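Worksheet for the structure shown next.
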There are 2 protein chains.
Amino acid sequence: MTTIKEVAKLAGVSVATVSRALNNSGYVSEEARKKVESAVKELNFYPNEVARSLYQKKSKLIGLLLPDIANPFFPLIAKGVEDGVNQRGYSLLLGNVEDDLEKEKDYLKIFAQNNIAGVISAVQGDIKDLQNMPFVLLDRVESDQNFSVHSDDYTGGMMAAEAIVSRDPKEIVIMVGPKEVPSSAARLAGNQKVLKDHQLDYQIFQTSSFKFELAEQTAEQFFDTYPNVDSVIASNDVYAIAVMKEALKRGRRIPEDVQIIGYDDMPFSRMMYPGLATIAQPAYEIGYRGAKLLCDILEKGFVEVSRIQLPVILKIRESVRKKDEDE
Amino acid sequence: MTTIKEVAKLAGVSVATVSRALNNSGYVSEEARKKVESAVKELNFYPNEVARSLYQKKSKLIGLLLPDIANPFFPLIAKGVEDGVNQRGYSLLLGNVEDDLEKEKDYLKIFAQNNIAGVISAVQGDIKDLQNMPFVLLDRVESDQNFSVHSDDYTGGMMAAEAIVSRDPKEIVIMVGPKEVPSSAARLAGNQKVLKDHQLDYQIFQTSSFKFELAEQTAEQFFDTYPNVDSVIASNDVYAIAVMKEALKRGRRIPEDVQIIGYDDMPFSRMMYPGLATIAQPAYEIGYRGAKLLCDILEKGFVEVSRIQLPVILKIRESVRKKDEDE
DNA sequence: TTGAAAGCGCTACCAA
DNA sequence: TTGGTAGCGCTTTCAA
């Protein structure tokens, strides 16, 4: 490993001058700069971030907390976050938390031990655990003073319900995600607003998790509970796909006998057959904007907008019937 | 941030003693240890990894290089790697490379700047770029002296072909992944061995990428090129699913008119309808074993086995027809 | 068994 | 405009 000392020696200047030249801080004569530059090139020198970080008490690392990287919604978020922080010179320390509060705490400790510059979190944990680290929350809407990026769940819920309402529903069941997840509640509220406005009856099927592994058995329970359901507003695309499969297995046609709308628009949703109608959340964008927001906080110390809400988009695909007026 | 100095002061000993007590290195009297422990507890002290890492010239971080985290095969690998390294006290620095050689180099530099302990890579880049960092390669079989974990692609290719052969194929097309990817070649060799042994004709459809975004248009081209195909050996599950969708769109029944077998067994493959028959690669296990292998290298300095090959499993699902003998 | 002190690579202060 | 130097928090000699 080449150090600043060796560069200084080769350039015939002091380490202080090299440091100044490298960081464009303080006075460096044109001549000295030239000498440093060529020494840096010759030795293929790049500064050790660990030493920097020790002195600054702040590294170029950002901690990323994810609930479950195997859930196909989160890799996209991660990609957005990564692109965003990279552009500003930061890298990511990965923390896949698995809905485990202990694991989350462990990671926050590790983050602190590594002089992390900030945290981007998409998990539901306790904000207080974040201590004094700068942070941005993704896909969570809790208290009002938070720095966060999320999409418009209430409107999304309304759009999903409207898509169903306008397609001749007979028996509507809303599949609701875990109660603790704020976005589930907002979506449900949006669903209900629309259904009530149209004076339509509906049932609620509460799920306790978004976990991939539970989707199939949940779908079975779902149809056991509501065998005659004809219109499903699913909690997310993973569960919607499981419901679709279960419906087809039970010999029900989609969308003729059962129509389904999901939530998220995962990459796979459009590759289903029939294609899954859904509310598209801009997952990559959520991550990307979250990254930018955090970087702004870190660099400027303040931000104009601290809560970013992104729009959702209705994606009509073949898993829902044709609209009433189209018929 | 609490430092070792404050702990020393509170405990009434020197920082050297605190350090020794924390690391169980050198002599520490029982009495001193007690005092240190209670001071640590009282101050809620935890050591700064950055300072440690600066002195040791080696951090507790491991760099993870992935080709594309949005490809559903890799989050599972990442999860395995993460669990594996966590158990040994390491954390992950994420490097999503996007099949971009420059980006890979950038990440390796960042890894070096952060005194990374080692690298786990699932990308196809140049090994020499890894310089002197200890590394483990996943899912790659290149030269013989490498540290690597991969699954048995040749056998997997044979299994896929056998599954088709025993199911009354009429017109077989093998969809082959990118030429540069060693595992594609091995799978193809396995396919061909079996087909030749059975003296069956087949066509080869070469793809240039594993990229998710290209799957749908590739599937279209596939059917344009081979409109009468009745048995498809796909390069992976993503492309198999795209082929399934395209077949259904064209009014061909699965598996009666077209039968398909994939490769990987992504979580979604079993949630398709019909379920996608495939060769299951133990993605999580590949990551986990890779992590263990690297940790062994780092801690012991040597390993008994440096190349780990994991078995693959044939998963028969409804996307292939019934076996000849079953009829 | 202990503590003083050097040093990991870098930045920033201060004096020249 | 420059260089000497202290110090970031920790580990590890080495002498006591």
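All chains are named by letter (A, B, ...) in the order of the sequence lines, taking the proteins before the strands, and each is independently numbered beginning at 1. Please read these numbers as outputs of a predicted model, since none were measured by experiment.
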>> Which residues pass the ring pair (Phe, Tyr, Trp, His ring centres under 6.0 Å) test with B/Phe210, not counting sequence neighbours?
In response: none

> Under the ring pair (Phe, Tyr, Trp, His ring centres under 6.0 Å) test, which residues partner B/Phe45, sequence neighbours left out?
Replying inline: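 Partners of B/Phe45 by the ring pair (Phe, Tyr, Trp, His ring centres under 6.0 Å) criterion come out as none, since no residue qualifies.
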
>> Distance check needed: C/dC8 P versus A/Glu6 CD, whole Å only.
In response: 11 Å

Do any side-chain atoms of residues 103-111 of chain B form donor-acceptor pairs under 3.5 angstrom with protein atoms, and if so which ones, sequence neighbours left out?
| residue | atom | partner | partner atom | Å |
| --- | --- | --- | --- | --- |
| B/Tyr107 | OH | A/Glu82 | OE2 | 2.4 |
| B/Tyr107 | OH | A/Asn86 | OD1 | 3.4 |
| B/Tyr107 | OH | A/Asn86 | ND2 | 2.9 |

> Quick one: what's the B/S/- string for nucleotides 8-16 of chain D, heavy-atom cutoff under 4.0 Å, read 5' to 3'?
Replying inline: BBSBB----

> Going by heavy atoms closer than 4.0 Å, what residues in residues 30-39 of chain A are next to DNA chain D?
Replying inline: A/Ala32

> Using a heavy-atom distance cut-off of less than 4.0 Å, which residues of residues 111-119 of chain A contact DNA chain D?
Replying inline: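 Nothing qualifies; none.
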
Who are the side-chain hydrogen bond (donor to acceptor under 3.5 Å, both in side chains) partners of [X], not counting sequence neighbours?
| X | answer |
| --- | --- |
| A/Asn71 | none |
| B/Ser91 | none |
| B/Lys292 | B/Gln87 |

> What is the bend of the helix from C/dT1-D/dA16 to C/dA16-D/dT1 when you compare the axis at one end with the axis at the other, using five pairs each and rounding to 10°?
Replying inline: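 Taking five pairs per end, the axes differ by 50°.
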
Side chains of [X] and [Y], heavy atoms from C-beta outward: is any pair under 4.5 Å?
| X | Y | value |
| --- | --- | --- |
| A/Pro67 | A/Phe74 | yes |
| B/His150 | B/Ile286 | no |
| B/Phe212 | B/Pro72 | yes |
| A/Lys211 | A/Glu98 | yes |

Could you list the donor-acceptor pairs under 3.5 angstrom formed between side-chain atoms of residues 57-66 of chain B and any protein atom two or more places apart in sequence or on another chain?
| residue | atom | partner | partner atom | Å |
| --- | --- | --- | --- | --- |
| B/Ser59 | OG | B/Leu61 | N | 3.1 |
| B/Ser59 | OG | B/Asn114 | O | 3.4 |
| B/Ser59 | OG | B/Asn115 | O | 2.9 |

Table please: side-chain donor-acceptor pairs of residues 28-44 of chain A below 3.5 Å, with sequence neighbours left out.
| residue | atom | partner | partner atom | Å |
| --- | --- | --- | --- | --- |
| A/Ser29 | OG | A/Ala32 | N | 3.1 |
| A/Arg33 | NH1 | A/Asn24 | OD1 | 3.2 |
| A/Ser38 | OG | A/Lys35 | O | 3.2 |

